[in-house]
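Scroll down for the structure; my scribbles are underneath it.
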Amino acid sequence: MRSLVALALVLMAGPGMAQQAGPQIVGDAIPRSLTGQPGDAVRGRAIVANRSVGLCLLCHSGPIAEERFQGDLAPSLAGAGSRWSEGQLRLRIVDGSRLNADTIMPAYYRAQDLHRVARNFEGRTILTAAQVEDVVAYLVTLKD
């Protein structure tokens, strides 16, 4: 892990929006909300379960019993709120490659320096800042 570092990411406010200074990374986390507001765990669960938006269950499994055919390429989301802090979860979703250069997890809130991006997605993030916060709010509730 990196020692205490303060780096500004150049991130997008949301798909197709103008660039602005991004959140501050401190160690292995982004301690502050991307929106300045807490996310909604109910909306976050819906994003995680949605196979068209987050695609989380393509690689991860999680405590979402109604969703069949969950992934096993990545760690289970069960207990994520016990293993990682809110800030650590946020950085993993924003850009997991900051922690593991070999990760197969996409950077959900990065639009720069990406490879093999379809033309209609160039310059856009996968999730908006509010969606990232919703997913974080859901994942921190997963304590078991």
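All heavy atoms count here, side chains included; hydrogens, waters and symmetry mates do not. Predicted, not measured: the structure shown is a model, and the values here were computed from it.
By the 4.5 Å heavy-atom criterion applied to side chains, His60 and Pro75 are counted as neighbours. Proximity of Arg92 to Leu99: side-chain heavy atoms (C-beta onward) are separated by under 4.5 Å at one or more points. Val48 is listed as a side-chain neighbour of Tyr138, based on a closest heavy-atom distance under 4.5 Å. Side-chain atoms of Gln131 and Val53, non-hydrogen and from C-beta on, do get closer than 4.5 Å to each other. Residues Pro63 and Leu142 form a side-chain contact, since some pair of their non-hydrogen atoms from C-beta on lies under 4.5 Å apart. The shortest distance between side-chain heavy atoms of Pro106 and Ile126 falls below 4.5 Å.
Not a single donor-acceptor pair under 3.5 Å links the side chain of Glu133 to the backbone N or O of Ser33. In this structure a side-chain-to-backbone donor-acceptor pair under 3.5 Å is missing from Tyr108 to Val132. A distance-only check finds a donor-acceptor pair linking the side chain of Gln88 to the backbone of Ser85 [under 3.5 Å]. Arg32 contributes no side-chain N or O that, together with a main-chain N or O of Thr35, makes up a donor-acceptor pair within less than 3.5 Å.
Across Val136, Leu89, Asp28, Val140, a single residue satisfies side-chain contact (heavy atoms from CB on, under 4.5 Å) together with Trp84, and that is Leu89.
By the 4.0 Å N-to-carboxylate-O rule, Arg45 lies close enough to Glu66 to be salt-bridged with it.
Between Leu139 atom CG and Arg90 atom CZ the span is 11.0 Å, to the nearest 0.5 Å.
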